[in-house]
Chemist: 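My questions will all concern the structure given below.
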Amino acid sequence: MAEDFKETLNLPKTDFPMKANLPELEPKMLERWAEQNIYEKLMQRKGKGETFILHDGPPYANGDIHVGHALNKVLKDLVCRYNWMKGNYSPFVPGWDCHGQPIEQQVEKQLGEKRKQITQAEFRELCRKYAETYIERQRNQFIRLGVLGTWGKPYLTMDKKYEATNVKTFKELYQKGLVYRGKKPIYWCYKDKTALAEAEIEYYDKTSPSIKVLFKLIEGPQKLNLNNVYAVIWTTTPWTLPANVALAFHPDASYGVYEKDEKRLIIAEELASQTIGEEARKIASFKGAEFEGSKFEHPLFPGRNSVGVLADFVDLGTGTGIVHIAPGHGEDDYHLGVKYNLPMPVPVDDEGFFTDEAGEFSGMHINNGNLAIIERLKEIGMLLESDSITHSYPHCWRCKNPVIFRATEQWFISVSSDGLRKWALDAIEKVNWLPEWSIRRISSMVEQRPDWCISRQRSWGVPIPIIYCADCQTVQGEEEVFNTIEKRFEEYGADSWFKNDVQFFLPKNHKCSSCGSNRFEKEDDIFDVWFESGISHFAVLRNREELQWPADIYLEGSDQHRGWFQSSLLTSVGVTMEAPYKTVLTHGFIVDEEGRKMSKSLGNVVDPLDVVERLGADVLRLWVVSSDYSSDIAVSEQILQRTVDVYRRIRNTIRFMLGNLYDFEPDKHFVTFEKQTSIDRFILMKFKQLYKQVLEAYENYRFHNVVHGIHNFMVVELSSFYLDVLKDRLYADAPDSQERRSTQSAIYGMLKPILKLLAPIIPFTSEQAYDYLPGKKEESIHLELFDDLDWIKIDEDHLERWEMLLKVRKDYLKVYEMAKSSSVLKTMMEAEVFIVPSEGLRDTLINSKQDLYFIFTSRNVNIINEPVSDLPVSQELESGWYGLRKSNAEKCNRCWNYSSDVKEGICLRCKEVLSS
RNA sequence: GGGCCUGUAGCUCAGUAGGUUAGAGCGCACCCCUGAUAAGGGUGAGGUCCGUGGUUCGACUCCACGCAGGCCCA
């Protein structure tokens, strides 16, 4: 029985647990950071390091966070943490989008019938409470993810000062002439006399009239004889005919002129037979595009013309291929109307009655109007066909009655090509858009977008700060009026608009500049929430002293090209001509393993809170960071499990490194680079190369390269090579030997920077490991700074020599595997190795004699000139000829190496160690 | 239907001014160790580089058309 020398070895020791148990560790760590005021300490760098502002796009204060929120906030946190470790001053002020229709709708649902009994002000108070509830929830959820920031003082779009900034920005846009009032159709419930948002619409089947109507052609394509020619339109809303101003043709479709009952009818060719039968004779054919600018007589109003226009949305599947256009009563119609500069009559009042504009139908409700109009058309012979149809039709969610589209007065921001649009496009050019295709997307959207309708007929929002003269309806656009409103909002919030008389918002003794009246009324509409969030750069970056305008970076999902990136750009450019950001970084959307979006029906939804509870925030973060976020990001249980594997491997490698530093005090034992052993200098050089690559990846926001780089290094370079082959030295050398201290110095010299590189990614684990790290430390790893590893000097020759040795090792392992599988030996230490190096390697090997142990993990290596024949295993490989057999040498019972100097079961090295 | 984007091993990612048998890590299989041990080491098997057509002496890389998916519109 050999003596047990285990106690005499320097085996690794550490209390850093192998099992992370993140769900328990993380909340404790969060408490500790809060007590230590880590974030506040980072903020004390103001005025010292460079300032770098990431401006948070506000999530909507409704519901719990989903995995998309988690992705977004983790990436932001990463950017901030990277900046902190660079020594920058980089406050993160999170925000919430608090106003808007979804909250309003939730509160209305909760209220039910009570809604009608409470005042606007009371209703708004309930909405505020609702928003506050979810802000609190989401705040805690974000904090739990390890996102550090000014959580105690976030920005809210329902803060008074923020609300007042809407007024200020609106004023500035107004004064530049960028704001105007115009008409636009919206969903309207004539029972409730109210505008409806899209989310308040429910679709049910409804039976409507289905009629085909003739419009007499009075001016058309040249080669068409105008005599007795009629365009046939199909509609299910006859009541909109009085508002008709145009007929739309599909530009690419073919239209035939058919003879039928002494009339000649224009119909899309592919639809002709279903309307007038197969037998109708076609006498001419035209492309839709040829009807652009044609004139038709309005069947109900002789003398009034409708113009021929072109539209891609014209449906060639049903109807006649000619669409009746009433810009005041349809979304498509409206856009077409804007494009062709058509008039926009709205001969229907807010209760659904025709106005005088509807001529003979005036005073009639549109429901009766349908019948009356059909009758009238029949009388005058302009009705080709009358039927009814059952189709899906929008209804009011409250009263369940059908709704209509009806143009009403709205407020717009003008996005004209010689104004805001041009300024915005110029500003876009100066911004750094990442990834680079992003600029194409934002540019083409800005190029194509229509004027911005900023008014909404809702309650929960910031009122549009307009005061009208009650007598002459003139807008009171004087600077002092806006300033008064702004001041009131700043002091009392936008709620005051709903609580106070109009005089409260006017300068003393204000009189209408137009008619001198002193009677006024407030605008009822509120701002589009995109306007509100679009001014956050003013409301937050300019108004908070810890921040500055413009932001260095905005970081949001790619949907924000239409949303926040754009609304922020327009408000900013409108006031300053400049973009509110220097860089815009976009990420993709979360999808499942098959690349499909998350949905309840597919059952592939991943809940970040569940992941945090089961696996920990660090694992969730590691998943985020190891994914390439520039396009869609996949998540699934398998993907998360692989992430757990990566996490474990990183953790264990850290643990092993810590374990081998148990008796290492950097101050006392650190061996300077020049005095370190060859292999230590080699690994440090490799590490420095990696370190630089990783910092570069960080700098360029290629975070997934950071993770892959570090992980790869830890697995390939450290775990399977360096740390493995150095066990002999670490365990068996004298604790204080120069060699052992050299290797500990290398391990320490790598571990600390590794933890720093990992700190932004897995802040909990890095902090925990940092606790166990010896040497001088900050109170938290998150207060550390990256360094440049100047003390490590790269020597290309040295690197090259070791790379060659590693090639030898790689080849030798194949031979060793053969020996193992043919049971020649079990461990590398048992082998006696014979190598005939290939040309160019011989000198390297001979000059590396003292390092051969690290290549072969054996003390018995023979560099020979010719292959020998009597070995159990041999193989010719690229780097040379290899042969091996089980060594005849005796095994040292302490270090388990086989060597010729073993006496009484112990080798010379071990004997010396024991005797010292 | 339109604009923008994506498609390399089971998973996460490399790879191209177009050039020999497409790389890594994880996972998987088999083996070793038991002094990193609910760890560690070794070897190995996995890919019609979404498809089709084209340009080219040669295409994962360029072009066209598809297919699948994503975001935003209609």
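Excluded from the calculations below are hydrogen atoms, water molecules and symmetry mates; all remaining heavy atoms, backbone and side chain alike, are included. Below, read A as the first sequence line, B as the second, and so on, with proteins coming before strands; counting in each chain starts at 1. Note that the structure is a prediction, hence the values are computed from the model and not measured.
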Chemist: Please state how far atom CG in A/D312 lies from atom P in B/rG3, giving the value in whole angstrom units.
Modeler: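 Interatomic distance, CG of A/D312 to P of B/rG3: 11 Å.
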Chemist: Give the nucleotide from the list B/rA14, B/rG10, B/rC5 with an atom nearest to the side chain of A/R440.
Modeler: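 Of the candidates, B/rC5 comes closest.
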Chemist: Once you apply the 3.5 Å cut-off to both distances, tell me the Watson-Crick or G-U wobble partner of B/rG18, or none.
Modeler: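 No nucleotide pairs with B/rG18.
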Chemist: Taking the side chain of A/S631 as heavy atoms from C-beta outward, which of B/rG3, B/rU6, B/rG42 is closest to it?
Modeler: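 Out of B/rG3, B/rU6, B/rG42, the nucleotide with an atom closest to A/S631's side chain is B/rU6.
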Chemist: Side chain of A/D645: nearest nucleotide among B/rC26, B/rG42, B/rU12?
Modeler: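 Between B/rC26, B/rG42, B/rU12, the one nearest the side chain of A/D645 would be B/rC26.
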Chemist: For A/D663 and A/Q744, does a side-chain donor sit closer than 3.5 Å to a side-chain acceptor?
Modeler: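 Yes, a side-chain donor-acceptor pair sits under 3.5 Å.
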Chemist: Would A/S879 and A/D811 count as a side-chain hydrogen bond (donor to acceptor under 3.5 Å, both in side chains) here? Give the steps.
Modeler: CA-CA 7 Å; A/S879 58; A/D811 279 351; 2.6 Å; yes
Chemist: For RNA chain B, which residues in residues 692-701 of chain A have a heavy atom at a distance below 4.0 Å?
Modeler: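 Close to the strand, none.
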Chemist: Measuring only the C1' atom in each nucleotide, how far is B/rC62 from B/rC26? A whole number of Å is fine.
Modeler: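 Rounded to whole Å, the distance is 33 Å.
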Chemist: Go through B/rG42, B/rA36, B/rG70 for me and flag the one nearest to the A/P12 side chain.
Modeler: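 Nearest to the side-chain atoms of A/P12, counting from C-beta on, is B/rA36.
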Chemist: Quick one: OG1 on A/T857 to CG on A/D728, what's the gap to the nearest 0.5 Å?
Modeler: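 Going from OG1 on A/T857 over to CG on A/D728, the span is 9.0 Å.
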Chemist: Over 60° means perpendicular and under 30° means parallel, so tell me whether A/Y691 and A/F687 are parallel, tilted or perpendicular.
Modeler: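 Ring orientation of A/Y691 relative to A/F687: tilted.
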Chemist: Return the orientation label for the A/W433 and A/F565 ring planes: parallel under 30°, perpendicular over 60°, tilted otherwise.
Modeler: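 Perpendicular, since the angle between the ring planes exceeds 60°.
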Chemist: Rounding to the closest angstrom, what is the interatomic distance between B/rU55 and B/rC63 at atom C1'?
Modeler: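 Rounded to whole Å, the distance is 7 Å.
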Chemist: Can you tell me the base-pairing partner of B/rC26? Count Watson-Crick or G-U wobble geometry only, both distances below 3.5 Å, and say none if there is no partner.
Modeler: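 Looking at the geometry, B/rC26 pairs with B/rG10.
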Chemist: Counting Watson-Crick and G-U wobble pairs only, both distances under 3.5 Å, name the nucleotide matched with B/rU37, or none.
Modeler: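 Its partner is none (no Watson-Crick or G-U wobble pair with both distances under 3.5 Å).
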Chemist: Measure from CD1 on A/I710 to C1' on B/rA24 and round the result to the nearest Å.
Modeler: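 Roughly 16 Å, once rounded to whole Å.
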Chemist: Mind listing the side-chain donor-acceptor pairs of residues 711-720 of chain A below 3.5 Å, one per line with the distance, residues two or more places apart or on another chain?
Modeler:
from: A/S719; atom 1: OG; to: A/R649; atom 2: NH2; distance (Å): 3.0
from: A/S720; atom 1: OG; to: A/V715; atom 2: O; distance (Å): 3.4
from: A/S720; atom 1: OG; to: A/V716; atom 2: O; distance (Å): 3.0

Chemist: In whole Å, I'd like the distance from the OH atom of A/Y816 to the P atom of B/rC32.
Modeler: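 Going from OH in A/Y816 over to P in B/rC32 covers 10 Å.
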Chemist: Does the side-chain ring of A/W896 sit on the six-membered ring of the B/rG35 base, less than 5.5 Å centre to centre and under 30° in tilt?
Modeler: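 Given the distance and angle limits, yes, they stack.
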Chemist: B/rA45 pairs with which nucleotide, Watson-Crick or G-U wobble, both distances below 3.5 Å?
Modeler: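 Across any shown strand, B/rA45 pairs with none.
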Chemist: For the side chain of A/S558, counting heavy atoms from C-beta on, which of B/rG42, B/rC71, B/rC5 is nearest?
Modeler: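 So the side chain of A/S558 is nearest to B/rC71.
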Chemist: Please report the distance separating the P of B/rA45 from the corresponding atom of B/rG10, rounded so that it comes out in whole Å.
Modeler: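 Comparing P positions in B/rA45 and B/rG10 gives a spacing of 16 Å.
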Chemist: Report the nucleotide, chosen from B/rG40, B/rA14, B/rG35, that has the shortest atom-to-atom distance to any side-chain atom of A/K727.
Modeler: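 Looking only at side-chain atoms, A/K727 lies closest to B/rG40.
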Chemist: For the pair A/Y393 and A/T236, evaluate side-chain hydrogen bond (donor to acceptor under 3.5 Å, both in side chains) and give the outcome as yes or no after the intermediate values.
Modeler: CA-CA 11 Å; A/Y393 190 87; A/T236 58; over 6 Å; no
Chemist: Side chain of A/N652: nearest nucleotide among B/rC13, B/rA39, B/rC72?
Modeler: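 Nearest nucleotide to the side chain: B/rA39.
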Chemist: For the residue pair A/Y629 and A/F703, does the interplanar ring angle fall in the parallel (under 30°), tilted (30 to 60°) or perpendicular (over 60°) class?
Modeler: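 Tilted, since the angle between the ring planes falls between 30° and 60°.
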Chemist: From the set B/rG44, B/rA14, B/rA36, return the single nucleotide nearest to any side-chain atom of A/K814.
Modeler: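 Side chain of A/K814 sits closest to B/rG44.
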Chemist: Partner of B/rA59 by Watson-Crick or G-U wobble geometry, both contacts under 3.5 Å, or none?
Modeler: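 Base-paired to nothing in any strand shown.
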Chemist: Aromatic rings A/F656 and A/Y731: how do their planes relate, parallel, tilted or perpendicular, breaks at 30° and 60°?
Modeler: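 Ring orientation of A/F656 relative to A/Y731: perpendicular.
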Chemist: What residues in residues 711-726 of chain A put a non-hydrogen atom under 4.0 Å from any atom of RNA chain B?
Modeler: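 Output list: A/H711, A/N712, A/V715, A/V716, A/S719, A/S720, A/D724.
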Chemist: If you measure from the P atom in B/rU16 to the same atom in B/rG53, how many Å do you get, rounded?
Modeler: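 It comes out at 27 Å once rounded to the nearest Å.
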Chemist: Assuming nearest nucleotide by heavy-atom distance, tell me which of A/R596 and A/M18 is located more 5' along RNA chain B.
Modeler: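 Going by which nucleotide is closer to the 5' end, it is A/M18.
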Chemist: Taking the inter-plane angle between the rings of A/F405 and A/Y187 on a 0 to 90° scale, is it parallel (under 30°), tilted (30 to 60°) or perpendicular (over 60°)?
Modeler: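 A/F405 vs A/Y187 ring planes: tilted.
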Chemist: Select one nucleotide: of B/rU12, B/rC72, B/rC4, the one nearest the side-chain heavy atoms of A/R562.
Modeler: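 The nucleotide sitting nearest to the side chain is B/rC72.
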Chemist: Side chains of A/D618 and A/T765: any donor to acceptor distance under 3.5 Å?
Modeler: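 Short answer, yes.
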Chemist: Using the P atom as the point on both nucleotides, what is the distance between B/rU56 and B/rC50, in whole Å?
Modeler: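 The answer is 23 Å between these two P atoms.
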Chemist: Which residue, A/L813 or A/H335, contacts RNA chain B at a nucleotide closer to its 5' end, judged by nearest heavy atom?
Modeler: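 Per heavy-atom nearest nucleotide, the more 5' residue is A/L813.
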Chemist: Can you tell me whether the side chain of A/R649 and the base of B/rC26 have a donor-acceptor pair closer than 3.5 Å?
Modeler: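 Absent.
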Chemist: Do A/K820 and B/rC31 have a side chain to base donor-acceptor pair shorter than 3.5 Å?
Modeler: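 Looking at the base of B/rC31, it does pair with a donor or acceptor on the side chain of A/K820 (distance under 3.5 Å).
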Chemist: Can you tell me whether the base of B/rG46 sits syn or anti, using the 90° cut around 0 to define syn?
Modeler: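 What B/rG46 shows is a syn base, its glycosidic angle lying within 90° of 0.
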Chemist: Applying a 3.5 Å limit to both distances, which nucleotide forms a Watson-Crick or G-U wobble pair with B/rG1?
Modeler: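 Matched B/rG1 with B/rC73 under the 3.5 Å cut-off.
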